[in-house]
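These notes concern the structure reproduced below.
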2 protein chains.
Amino acid sequence: MSKFKIRVTKMQSYTEENYLKTIYHLSVISNPVQTNAIAERMQTKAASVTDMLKKLSEKELVDYVKYQGVTLTEKGKLAAINIVRKHRLWEVFLVEKLSFKWDEVHDVAEELEHIKSTLLIERLDEFLEFPKVDPHGDPIPDQHGNFADLAFVKLSKLKTNDKGTITGVSEHSSPFLKHLEKLGLTLGKKIEVSEILDFDGSVELSIDGNKINISREVAKHILISK
Amino acid sequence: MSKFKIRVTKMQSYTEENYLKTIYHLSVISNPVQTNAIAERMQTKAASVTDMLKKLSEKELVDYVKYQGVTLTEKGKLAAINIVRKHRLWEVFLVEKLSFKWDEVHDVAEELEHIKSTLLIERLDEFLEFPKVDPHGDPIPDQHGNFADLAFVKLSKLKTNDKGTITGVSEHSSPFLKHLEKLGLTLGKKIEVSEILDFDGSVELSIDGNKINISREVAKHILISK
DNA sequence: TTTTAAATTTAGACAAATCTAAAAATTATT
DNA sequence: AATAATTTTTAGATTTGTCTAAATTTAAAA
Ligand SMILES: [Mn+2]
Ligand SMILES: [Mn+2]
Ligand SMILES: [Mn+2]
Ligand SMILES: [Mn+2]
């Protein structure tokens with residue numbers, strides 16, 4: 001009879017992975033992460049979230065204090081970043097190799113990110129020539145979970161005459177991305193703020209020699225560098 | 001109150017898809033397919049299979065007669081072929097684009113085949129330039145489920161002095177494929193039977209100018225054309 | 001044609017993930 | 001500090017897919 005209990009750390013399920021990823025993303029906004037925030041983002045009910053938090057806590061993937069919220073443990077954070085890595089690499093694949101548009105990739109990547117094979121993901125990384133960012137400008141972590149924290153500023157924070165390059169978006173919905181596409185606001189484009197309208201906060205900017213006006217709401221989700 | 005019951009044909013689950021595919025493959029050998037055959041191939045218990053057969057029958061994907069076995073309906077067959085199509089296309093991708101060996105692709109494809117996106121699979125097909133066979137020589141069905149029934153003959157059926165080209169294998173396990181690899185018995189290779197040994201039925205063949213001997217068991221799983 | 005063996009199905013339980021409704025804890029407001 | 005509002009958790013069900021053990025049906029053997 002063994003003196004020690006062998007704890008077989010089972011692999012995470014599809015569902016657990018989605019929870020970990022959600023908690024990871026919400027951690028940026030608030031830490032610890034609250035039950036309702038997770039429920040809303042995952043389109044599920046608070047009661048279901050509570051159940052899962054207990055389970056993740058049991059597996060030592062999160063630190064969970066009743067009524068207070070959750071934080072990822074080191075182990076949980078690494079697991080989460082790994083899913084994010086896979087998600088973003090698949091998005092690059094879809095856009096670069098299969099001609100998907102940047103608003104078409106999200107749902108498929110949401111499924112592909114759960115495929116379990118390190119060989120697959122390392123080979124994919126190599127095949128894509130080790131991309132540093134995904135089609136939405138988000139950084140792609142390396143095998144060890146490290147990635148450069150790109151210095152972004154929201155377009156809505158710029159002042160009149162400020163210049164910069166579009167390097168990311170903080171909203172990934174298809175309607176939003178299609179809207180940007182139509183306006184010519186795609187990654188890499190240089191812009192200059194020509195005016196900020198007083199009455200609605202909307203932003204007028206020069207792009208490719210044209211002047212266009214975008215709502216404050218849209219400006220908030222466009223990330224500018226330099 | 002509506003007079004008609006609306007039957008929402010739900011999409012198949014990951015598990016249902018695996019059952020359909022298994023039934024499809026077993027149909028080639030015997031029709032109808034028996035419960036135990038499915039259970040054995042899926043590494044599960046007969047009782048679980050019975051439960052699933054009732055469910056698939058309910059969804060009109062199989063014709064199921066208690067104690068007699070199952071047959072795929074037209075609908076079920078199409079669904080099954082679609083999974084097979086995805087499985088084989090992904091295998092080609094892994095080998096052609098990510099340098100996987102032919103014995104490394106199966107398990108990963110087993111997961112990838114369940115990704116739900118027609119756009120993805122049609123684009124993948126295009127990206128791979130519409131391959132007709134997978135890395136094991138198996139035919140890849142088109143979008144409509146049609147594929148050429150390639151005329152194979154088992155190497156074990158050949159007589160002395162018969163010639164032919166290796167165009168497929170009927171066993172996909174990693175050890176078997178690695179074994180073939182080591183012997184130089186890969187797809188496209190031309191062989192000639194030089195002798196069939198009486199006492200154990202093993203086959204001696206010429207390949208690339210060399211003579212090698214393979215067991216009858218191995219010969220049974222090598223498919224030859226022309 | 002009984003009897004025996006093999007295959008298959010039912011009955012009843014269980015784990016994962018979800019839900020609704022009700023209870024408990026925390027936070028905000030008077 | 002007491003009350004109200006919000007957030008979170010529990011209790012109890014439900015669905016999907018699985019299992020073991022027992023009962024049935026079919027096929028094979030005597
Ligand atoms: Mn996902
Ligand atoms: Mn992205
Ligand atoms: Mn599968
Ligand atoms: Mn194959």
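Protein chains get the first letters and strands the later ones, always in sequence-line order, with residue 1 at the start of each.
At a threshold of 4.0 angstrom between heavy atoms, the contacts of B:Tyr64 are confined to the sugar-phosphate backbone, with no base atom among them. Contact annotation for B:Ser48: base contact, defined as any heavy-atom pair under 4.0 Å involving a base atom.
Between A:Thr50 and the phosphate of D:dT9, there is a side-chain N or O to OP1/OP2 separation shorter than 4.0 Å. Listed pair B:Lys66 / C:dT8 fails the phosphate criterion, with no side-chain N or O lying under 4.0 Å from OP1 or OP2. For A:Lys54, a side-chain nitrogen or oxygen approaches OP1 or OP2 of D:dT10 to under 4.0 Å.
Open room surrounds CG on B:Asp198; 12 or fewer heavy atoms of other groups in view lie less than 6.0 Å from it.
In this structure, A:Lys97 satisfies the cation-pi test against A:Phe127, with its NZ or CZ atom closer than 6.0 Å to the six-membered ring centre and inside 45 degrees of the ring normal.
Which of C:dT18, D:dT10, D:dT18 sits closest to the side chain of A:Thr15 comes down to C:dT18. If you check D:dT9, C:dT18, C:dT8 against the side chain of B:Tyr67, the one that comes closest is C:dT8. Comparing C:dT10, D:dT18, D:dT26 by their closest approach to the side chain of B:Thr44 singles out D:dT18.
Remark: P of C:dC19 and CG of A:Asp51 are 10 Å apart, rounded to the nearest angstrom. Residue A:Met52 contributes atom CE, which lies 16 Å from atom P of D:dT10 at whole-angstrom precision. Between the CG atom of B:Leu53 and the P atom of C:dT10 there is a distance of 11 Å, given to the nearest Å. If you take CD of B:Glu16 and P of D:dT18, they are 10 Å apart, rounded to a whole angstrom.
For A:Ser13 and B:Gly69, each mapped to the nucleotide of DNA chain C holding its nearest heavy atom, the one lying further toward the 5' end belongs to B:Gly69.
Every residue two or more places apart in sequence or in another chain was checked for a ring pair (Phe, Tyr, Trp, His ring centres under 6.0 Å) with A:Tyr19, and none qualifies.
Applying a 4.0 Å cut-off to non-hydrogen atoms, the residues of residues 17-37 of chain A that approach DNA chain C are A:Tyr19, listed by residue number.
A donor-acceptor pair under 3.5 Å is formed between the side chain of B:Thr73 and the backbone N or O of B:Leu61.
A:Ile23 has its side chain within reach of A:Leu56: a pair of non-hydrogen atoms, C-beta onward, lies under 4.5 Å apart.
The aromatic rings of A:His172 and A:His106 sit tilted, their planes meeting at an angle between 30° and 60°. Using a 30° and 60° split on the angle between ring planes, A:Trp90 and B:Phe93 fall in the tilted class, from 30° to 60°.
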